[in-house]
Amino acid sequence: MRGHPLRTAGLVTAGAVVVAVVAAAGIFLYLRSYAPLRAAARGYAAGPGLGTEVAPTFGSGGKPVLIPAYRKARPFDTAFTVHNTGRFPVTLTGLAASGARRAALAPVDLLLTDSATASADAGNVHPFHRLRLDHGDTAILVVRWRLDCSGSARQTAAEAVPLRYSYLSLFERSETVTLPFAVTLRCVGGPPANP
């Protein structure tokens, strides 16, 4: 009978340890996969070099399509508003590495704008620096796209950018943020006439 209370206490302690380990693992996995960034449906703009903007059509997923006028070795800029929907502050550190950077259409640089509204005009665009977004904060980012029609691609499109960020001083990860528009590069025939 004497050993019984000690055995019970040992079982309770072991059970508590197992529950604590499972809870800690769950919290760690949640924090490691934390994905708080969203692009606002409004608040976007194209920079110089826009060939045409096509209103949402069937097959576009309800998004406008930006078609840059292709000029060799000239990039195309787009601005969009990013929103931190999460509970924790995040610090944007730049574009995440992506295999798509060698594609005909690829995001190659992240920039900032000093405009109060979404603008990718060259006079408002500045180099990117680390940017902290608290819960509920928004910021206007400018993505520079590389356009390359030297390959075999006839038409290619992109509607997301991979952003890199850190949070809680422990975690750094990337998240693919879906844009409220699509960028389409047409290498044959050029952009269609404005609708």
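Model, not experiment: these values are computed from the prediction.
Note that the CG atom of Leu141 and the OG1 atom of Thr113 stand 10.0 Å from one another [nearest 0.5 Å]. Distance OG1/Thr156 to CG/Leu105: 5.5 Å, rounded to 0.5 Å. Of the inter-residue distances, the one linking Phe80 atom CZ with Ile140 atom CD1 reads 10.5 Å to the nearest 0.5 angstrom. Distance check: Leu50 CG to Ile67 CD1 gives 8.5 Å after rounding to the nearest 0.5 Å. Expressed to the nearest 0.5 Å, how far OG1 of Thr93 lies from CZ of Arg173 amounts to 12.0 Å. Distance check: Arg130 CZ to Ser166 OG gives 4.5 Å after rounding to the nearest 0.5 Å.
A donor-acceptor pair under 3.5 Å is absent between the side-chain atoms of Glu175 and the main chain of Arg164, judged by distance alone. The main-chain N or O of Asp134 is found under 3.5 Å from a side-chain atom of Asn84 such that the two form a donor-acceptor pair. For the pair Thr81 (side chain) and Gly43 (backbone), a donor-acceptor distance under 3.5 Å is present. Listed for the Asp148 side chain is a donor-acceptor partner under 3.5 Å among the backbone atoms of Ser150.
Looking only at atom types and distance, the side chain of Tyr70 has no donor-acceptor partner in the side chain of Arg186 under 3.5 Å away.
For the residue pair Glu53 and Pro64, the shortest heavy atom distance occurs at OE2-CB, 3.8 Å. The two residues Arg38 and Val177 have their closest heavy-atom pair at C-CG1, 4.1 Å. Closest heavy-atom contact between Lys63 and Leu179: NZ-O, 2.7 Å. When all heavy atoms are compared, the tightest approach of Ala41 to Pro180 is O-CB, 3.6 Å. The two residues Ala157 and Thr184 have their closest heavy-atom pair at CB-OG1, 3.6 Å. Ala46 and Phe76 make their closest contact through CB-CZ, 3.8 Å (heavy atoms, listed as atom of the first residue, atom of the second, distance).
Side-chain contact between Asp109 and Val143 is absent, with no heavy-atom pair separated by less than 4.5 Å. When side chains are defined from C-beta on, Leu185 counts as touching Cys149, because their heavy atoms get closer than 4.5 Å. Leu133 places none of its side-chain heavy atoms less than 4.5 Å from the side chain of Pro89.
Tyr44 and Leu131 end up in the same hydrophobic cluster when Ile, Leu, Val, Met, Phe, Trp and Tyr side chains are linked at under 4.5 Å. In terms of hydrophobic clustering, with Ile, Leu, Val, Met, Phe, Trp and Tyr side chains grouped at heavy-atom distances under 4.5 Å, Val161 and Tyr165 are assigned to a common cluster. Grouping the Ile, Leu, Val, Met, Phe, Trp and Tyr side chains by contacts below 4.5 angstrom, directly or via other members, places Phe88 with Phe171. Val183 and Val125 end up in different hydrophobic clusters when Ile, Leu, Val, Met, Phe, Trp and Tyr side chains are linked at under 4.5 Å. No continuous path of ILVMFWY side-chain contacts below 4.5 Å connects Leu111 to Val82, so the two sit in separate hydrophobic clusters.
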**Item:** Chi angles and distances behind the side-chain contact (heavy atoms from CB on, under 4.5 Å) call for Arg74, Arg146
**Value:** CA-CA 7 Å; Arg74 179 179 258 172; Arg146 188 192 64 210; over 6 Å; no
**Request:** Please report the C-alpha distance between Val90 and Arg132 in whole Å, then the side-chain angles of each, then the deciding distance to 0.1 Å, and finally whether the side-chain contact (heavy atoms from CB on, under 4.5 Å) criterion is met.
**Result:** CA-CA 6 Å; Val90 298; Arg132 179 185 164 104; over 6 Å; no
**Prompt:** Taking it one step at a time, do Thr78 and Leu66 satisfy side-chain contact (heavy atoms from CB on, under 4.5 Å)?
**Reply:** CA-CA 9 Å; Thr78 58; Leu66 307 177; 3.9 Å; yes
**Asked** Do Val142 and Leu112 pass the side-chain contact (heavy atoms from CB on, under 4.5 Å) test, and can you show the C-alpha distance, the side-chain angles, and the key distance before you say yes or no?
**Response** CA-CA 6 Å; Val142 176; Leu112 295 172; over 6 Å; no
